[in-house]
Amino acid sequence: MSVNRRITLAARPVGFPKESDFLLSELAVPSAADGEIVVRSIYLSVDPYMRGRISGAKSYAAPVAIGEVMIGGAVGTVVGSKNPGFATGDIVEGMFGWQDYAVSNGKGVRKIDPSLAPLSTALGVLGMTGLTAYFGLLDVCDPKAGETVVVSGAAGAVGSVVGQIAKIKGCHVVGIAGSDDKLQAMKDLGFDAGFNYKTDTNYFAKLKELCPKGIDIYFDNVGGALTDAVIPQINLHARISVCGQISQYNLEKPEMGPRWLGMMIVARAKVQGFLVSDYYSRFPEGFSQMAAWLKEGKLQYNEHIVEGLENTPKAFIGMLNGQNTGKQLVQVSAPPA
Ligand code: NAP
Ligand code: FER
């Protein structure tokens, strides 16, 4: 391939993103200057946080500018190197963006051992979303055997791993997701119970039925009305990990909800928001524990892989709509044989 296909941000979405908010264009394949590498991507990650980066609203990271290549994690092969830390042929993971080829100075780039697991896992269970589950559950919530854990967004990349780690820790795990197929996938991963929030719409009653001993831990990926139904059912010393609020990301006006901080006093509960990147110094611990659980068969993963760089906006929008069971990825070139 002699051109670099790239997807840039064409417009800041209003409400739900549209394919026309993105633009596919071509440039020459870049070359490496001193200290740099050129990476040809194999898999791109599409993630909910990208909705925040294409919005103009204040957040924890700067937005993507109009006309700039969309940011995002990817796994690929080093095809040119003038950086002594990397050799041609190395498999690497980094923030290479929505494009076929990226130039990097090597900062924040991780070498992947291709013998460990399929390369795609470096973006999922052995990547950012896996570590989000690991630290967001274990560090923020400190789960104990016998406790009841509720996970929202439970069939997705983060949620599906949260539920499995909670099972490893001996908890009773209840997952919430948006289809019956996703409920089946959760069951296959060892969750104890779950419900489809799109068809079982009395969330409070359903949680009461599935969590007869109340809720000790809530891992929140979605927010909104599901979270409002969880809060009144938390136990004394409950822990709530605020990982994501995807139900709110595409709203044009903030949604109003109950004033539930009083419940935190009643339960002497802890509510903590976190970013996976806060745990950077502990990533080696997370990667090695997750890889060990994978190898021991204690952890499984699902992926939803769309083909073709040109389909990345569609894959992103599809993920926001819940098309994915497990980690949503885009394959843009063939993995090495
Ligand atoms: P994911 O769960 O694999 O994919 C997103 C899922 O969200 C969709 O499949 C869909 O599943 C669900 N969803 C979409 N709209 C919804 C709505 N209105 N109500 C309920 N569910 C809805 O994505 P992920 O990468 O694992 O991320 C999950 C959450 O974690 C996101 O909120 C993300 O922002 C957050 N996150 C946070 C950090 C951090 O450091 N704090 C890091 C990574 C991810 P359904 O079919 O079930 O609706
Ligand atoms: C990161 C911190 C947080 C990151 C992603 C997130 C790509 C995701 C946050 C969210 O989904 O809310 O460093 O790296």
Side-chain angles (χ1 to χ4, degrees), residues 15-17 44-55 57 59-62 64 70-74 93-97 108 110 122-125 127-137 139-140 151-164 175-186 194-201 203 219-230 241-251 255 272-280 283 286 301-305 315-329:
F16 216 92
L44 307 184
S45 182
V46 289
D47 296 86
Y49 76 82
M50 293 169 177
R51 181 63 187 85
R53 300 290 179 91
I54 57 180
S55 144
S59 189
Y60 56 84
V64 177
M70 268 297 293
I71 48 96
E93 181 268 328
M95 292 298 283
F96 303 132
R110 171 170 66 116
L123 298 171
V125 67
M128 188 276 284
T129 57
L131 292 188
T132 300
Y134 181 88
F135 292 112
L137 180 67
D139 194 73
V140 177
V151 191
S152 57
V158 173
S160 61
V161 175
V162 168
Q164 292 181 80
I176 311 171
S179 77
D180 292 347
D181 286 348
K182 291 187 181 193
L183 287 191
Q184 186 58 50
M186 279 155 41
F195 72 94
N196 175 350
Y197 72 90
K198 290 187 179 162
T199 52
D200 255 321
T201 52
Y203 305 154
F219 192 102
D220 191 12
N221 282 313
V222 313
L226 283 173
T227 296
D228 295 340
V230 167
S241 185
V242 186
C243 176
Q245 298 282 291
I246 196 167
S247 74
Q248 312 296 297
Y249 294 174
N250 297 303
L251 298 179
E255 207 173 67
Q272 189 186 316
F274 75 100
L275 288 178
V276 59
S277 44
D278 296 341
Y279 291 92
Y280 186 73
F283 278 11
Y301 62 93
N302 292 310
E303 294 173 335
H304 185 112
I305 305 182
F316 171 62
I317 292 164
M319 176 276 300
L320 293 174
N321 269 319
Q323 76 178 5
N324 59 306
T325 296
K327 175 72 192 129
Q328 176 74 57
L329 297 168

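Both counts, for ligands and for their atoms, begin at 1 and track the order of listing. Numbering of residues begins at 1 and proceeds along the displayed sequence.
Ligand 1 is surrounded by Pro48, Met128, Thr129, Thr132, Gly156, Ala157, Val158, Ala177, Gly178, Lys182, Tyr197, Asn221, Val222, Cys243, Gly244, Gln245, Ile246, Ser247, Tyr249, Phe274, Leu275, Val276, Met319, Leu320, Gly322, Asn324, Gly326, each with at least one heavy atom closer than 4.0 Å.
Listed for the Thr129 side chain is no donor-acceptor partner under 3.5 Å among the backbone atoms of Val158. Under a 3.5 Å cut-off, the side chain of Asp220 and the backbone N or O of Val242 do not form any donor-acceptor pair. No donor-acceptor pair closer than 3.5 Å links the side chain of Ser241 to the backbone N or O of Leu137. Under a 3.5 Å cut-off, the side chain of Lys198 and the backbone N or O of Ala177 do not form any donor-acceptor pair. Between the side chain of Gln164 and the main chain of Ser160, a donor-acceptor pair closer than 3.5 Å is present.
At most 12 heavy atoms of other shown residues, nucleotides or ligands fall within 6.0 angstrom of atom OH in Tyr280.
Closest protein heavy atom to atom 6 (C) of ligand 2: Tyr60 OH, 3.8 Å. Nearest protein heavy-atom contact of atom 2 (C) of ligand 2 is Ser277 OG, 3.4 Å. Among protein heavy atoms, the minimum distance from atom 14 (O) of ligand 2 is reached at Met128 CG, 4.2 Å.
Looking at heavy atoms from C-beta onward, Pro17 lies in side-chain contact with Leu320 at the 4.5 angstrom threshold. Using a 4.5 Å cut-off on side-chain heavy atoms (C-beta onward), Thr325 and Asp181 make no contact.
Nearest to atom 10 (C) of ligand 2 by heavy-atom distance, out of Tyr280, Phe274, Tyr49, Tyr279, is Tyr49.
Near Leu275, with a cut-off below 4.0 Å to any heavy atom, the atoms of ligand 2 are 3 (C).
No N or O atom of Arg53 sits closer than 3.5 Å to an N or O atom of ligand 2.
Atoms NZ and CE, from Lys327 and Met128 in turn, are 6.0 Å apart once rounded to the nearest 0.5 Å.
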